[in-house]
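All heavy atoms count here, side chains included; hydrogens, waters and symmetry mates do not. In what follows, residues are counted from 1 in the order of the sequence shown.
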Amino acid sequence: MTDTVAPSVRVHRVRVTPRRLVEKPVDLTGDGIGAESVEPSDRVVLVEEPVDLSGPATRTVEQRPLVEEPVDLGPSSDDAAASSDAVPAAETEQSAPSAVRPGRIRRARALDGLRGVAVLSVVIYHLFGNAMRGGYLGVDIFFVLSGFLITSLLVREYGATGRVSLGGFWTRRARRILPAAVTVLVTATAVAGLIGGDVAVKLKEQFVGSLFFVNNWVQIAQSQSYFADTTPRPFMHYWSLAIEEQFYVVWPLVFLGVMLLARRRPVRGRMLVAAVVATVIGAASAAAMVLLYRPDVDPSRVYFGSDTHVFGLLAGVVLALVITTPAADAADSWPRRIGARTAAVLGGRRWHRSPSSG
């Protein structure tokens, strides 16, 4: 039989004396009374002594004034030579484009400027036709830019996620276009209603057609002329916005359809297949404009038609599919490969295609 003995616990009360380590000079020469003989040394000796912590601690701080003195910071000849050698490397680093987020595109201010020139040319054409007879071609420039930017966004999103959120894409387009478009539409309708007369002719049809972005087909159905000097219609210029919005609805579906059919190919191969498809459709649109055009008939039908005027948008689509990289880790959405001489002309900028972009 084994007895179990419970361990006993003994409580001790211990008095703790707070101590601190202080640094103080100590005579290490051995001459002091009661001191042991110690060899002189440069070491710091730590002495432990009791400290009274019951009162507030005091500390003496030596205050020294700050004095400003002139200092020569000019580089020496060696430093100047070293810094001059480092300038090309620094310029090379600064010239590289900042990395863009996956699924996004780089802001190109040159394209913004070109878009402004296109809009201005159209305005000058309508106000001073004789000053710029070809100003209406600014609409086609605008179409090319829109097709390029929209498709670049689709390529980048598909490359980063393997899919395209149609709901997100259409929502972003609506947020960008609808507020201004609807505000102008409502305001112009109210003003035209108050003025009355020829300006308000078929105002209801114009309003509904512009609101649902089918203004171009409404004007075709009403046999309206874009080039004739007739009474101005307040919403005639919504025809180009209507074509763009129709493109925004249809093209993402075509793009995803091509990605699905060519899914066995690498991502870059799928983009090239989509570029071929867009080229064929664009060529068919341009051919339709040529075949439907009649020199003795007002050309507004072929000018207003989505089927005959979509080739400008598709030209931008093809360009985007060819030069936009789908690689999620790419430093630039539109990487470029240029020669050394061209890089020198452009100020030393030389960017290369991301190795994972293919």
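Here Tyr303 and Trp239 bring their ring centres to under 6.0 angstrom of each other. For Phe235 and His237, the distance between ring centers is not under 6.0 angstrom.
Distance alone, capped at 3.5 Å, places no donor-acceptor pair between the Thr308 side chain and the Met289 backbone. Between the side chain of Ser300 and the backbone N or O of Tyr226 there is at least one donor-acceptor pair closer than 3.5 Å. Counting only distance, with no hydrogens or angles, the side chain of Arg163 and the backbone of Ala160 share no donor-acceptor pair below 3.5 Å.
Both tests pass for Arg173 against the ring of Phe169: distance under 6.0 Å to the centre and angle within 45° of the axis.
Of all non-hydrogen atoms in Gly138 and Ala118, the two that sit nearest each other are O-CB, 3.3 Å.
In this structure, Glu245 does not pair ionically with Arg176, as no charged nitrogen and carboxylate oxygen lie closer than 4.0 Å. Residues Arg115 and Asp112 are paired through a salt bridge, judged by an N-O separation under 4.0 Å between the basic side chain and the carboxylate.
When side chains are defined from C-beta on, Tyr125 does not count as touching Val139, because their heavy atoms never get closer than 4.5 Å. When side chains are defined from C-beta on, Leu194 does not count as touching Val191, because their heavy atoms never get closer than 4.5 Å.
Enclosure of atom CZ in Arg265 is not indicated, since only 12 or fewer non-hydrogen atoms of other residues, nucleotides or ligands lie within 6.0 angstrom.
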(Q) Assess the residue pair Tyr158 and Arg270 against the criterion (side chain to side chain donor-acceptor pair (under 3.5 Å)); give the C-alpha distance rounded to whole Å, side-chain angles, the decisive distance to 0.1 Å, and a yes or no. (A) CA-CA 11 Å; Tyr158 185 83; Arg270 295 176 223 172; 2.6 Å; yes
Mind listing the side-chain donor-acceptor pairs of residues 248-261 below 3.5 Å, one per line with the distance, residues two or more places apart or on another chain?
unit_1	atom_1	unit_2	atom_2	d
Tyr248	OH	Glu244	OE1	2.7
Trp251	NE1	Thr151	OG1	3.3

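Asn216 and Ser306 are linked by a side-chain donor-acceptor pair at a separation below 3.5 angstrom, with hydrogens and angles left out of the test.
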